[in-house]
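See structure below.
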Amino acid sequence: MKNTEDYIERVLFTEEEISARVAELGKQISEDYKDIDSPLLTVGVLNGAIVFFADLVRKITIPVQFDNLIASSYDMNSHSSGKVNILKNLENNVKGRHILLIEDIIDSGTTMNYLLGYFKDKKAASVKICALLNKPSRRKVDVKIDYCGFDIPDEFIVGYGLDFAQHYRNLPYLGVLRHSIYEKK
Ligand code: IMP
Ligand code: MG
């Protein structure tokens, strides 16, 4: 597995394409939130959003604070259970705060739908979603994505934070994983 071609079928978005889109998202977010009276609480959904989070927050020009969480929508057998667990929660009290959830990819929508309800119940002033990627064809739960990097077809994507079995997160671009990689497992 030394050569990229062994596991990447094709590049979906290059570093340059991602960077340009992230800059646009940062600009739009800065504009939309310019009148809020407390710093925007940017919440990275770990681990997948780490790279996107780090790039996006540096394109936001209004005051922000950082927090993060880990959520799992899968049971022990890795079958999607539709049930979401928060494995690591925020350090900030969200009451009265404007929250921007930053996620790598929205697939079934289960995770984000749960988190939206969770933060609304905790009396956040507002909760919005910023997702780098969106797979609309896979949606099971209707969820509004306020800021979306790219709509993509139903293929398995790795790189720029996204993994397969914890691999490939450090690729600087977004690529389609070869079928032979997940058929082997
Ligand atoms: P869902 O929207 O609740 O189904 O969950 C989305 C999560 O599934 C994402 O945060 C990823 O961790 C994972 N996921 C879905 N599709 C992909 C993919 O193509 N590559 C890598 N991870 C994915
Ligand atoms: Mg994720």
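Keep in mind that the numbers below use all heavy atoms, side chains included, and drop hydrogens, waters and symmetry copies. Just so you know, ligand 1 is whichever comes first in the structure, and atom 1 is the first atom listed for that ligand.
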### side-chain contact (heavy atoms from CB on, under 4.5 Å) between Thr42 and Phe66, intermediate numbers included
CA-CA 5 Å; Thr42 52; Phe66 293 180; 3.6 Å; yes

### Task
Number the atoms of ligand 1 from 1 as they appear, then name those within less than 4.0 Å of a heavy atom of Glu155, with their elements.
19 (O)

### Query
Can the ring centres of Phe13 and Phe150 be said to be less than 6.0 Å apart?
yes

## Note on the structure
If you compare Ile152, Ile105, Val158 by their heavy atoms, the one closest to atom 14 (N) of ligand 1 turns out to be Ile105

### Summary
A student checking ligand 1 against Glu103 at a 4.0 Å heavy-atom cut-off should list atoms 10 (O)

### Query
Lys135 near ligand 1, heavy-atom distance under 4.0 Å?
yes

### Task
Please say whether the positively charged group of Lys128, taken as NZ for Lys or CZ for Arg, lies over the ring of Tyr33, i.e. under 6.0 angstrom from the six-membered ring centre and within 45 degrees of the axis.
yes

### Task
Pick, from Thr111, Val143, Val45, the option with the minimum heavy-atom distance to atom 3 (O) of ligand 1.
Thr111

### Task
Heavy-atom contacts with Gly109 under 4.0 Å: which atoms of ligand 1 show up? List them by number with element.
1 (P), 2 (O), 4 (O)

### Asp163 neighbourhood, listing ligand 1 atoms whose heavy-atom distance to it stays under 4.0 Å
21 (C)

### Query
Any salt bridge between Glu5 and Arg10, counting N to O under 4.0 Å?
no

### Query
Taking only heavy atoms of Leu162, which atoms of ligand 1 are found under 4.0 Å from at least one of them?
20 (N), 21 (C)

## Note on the structure
Between Ile18 and Tyr173, the two heavy atoms sitting closest are CD1-CA, 4.0 Å

### Message
Is the contact between Lys140 and ligand 1 made by the side chain, the backbone, both, or neither, using heavy atoms and a 4.0 Å cut-off?
### Response
neither

### Task
Evaluate side-chain contact (heavy atoms from CB on, under 4.5 Å) for Asn113 paired with Thr111, printing each intermediate quantity in order.
CA-CA 6 Å; Asn113 183 55; Thr111 311; over 6 Å; no

### Query
Between Ile106, Asp104, Asp107, Asp154, which one has a non-hydrogen atom sitting closest to atom 12 (O) of ligand 1?
Asp104

### Task
Give the ring-plane orientation class for Tyr182 versus His179, where under 30° counts as parallel, over 60° as perpendicular and anything between as tilted.
tilted

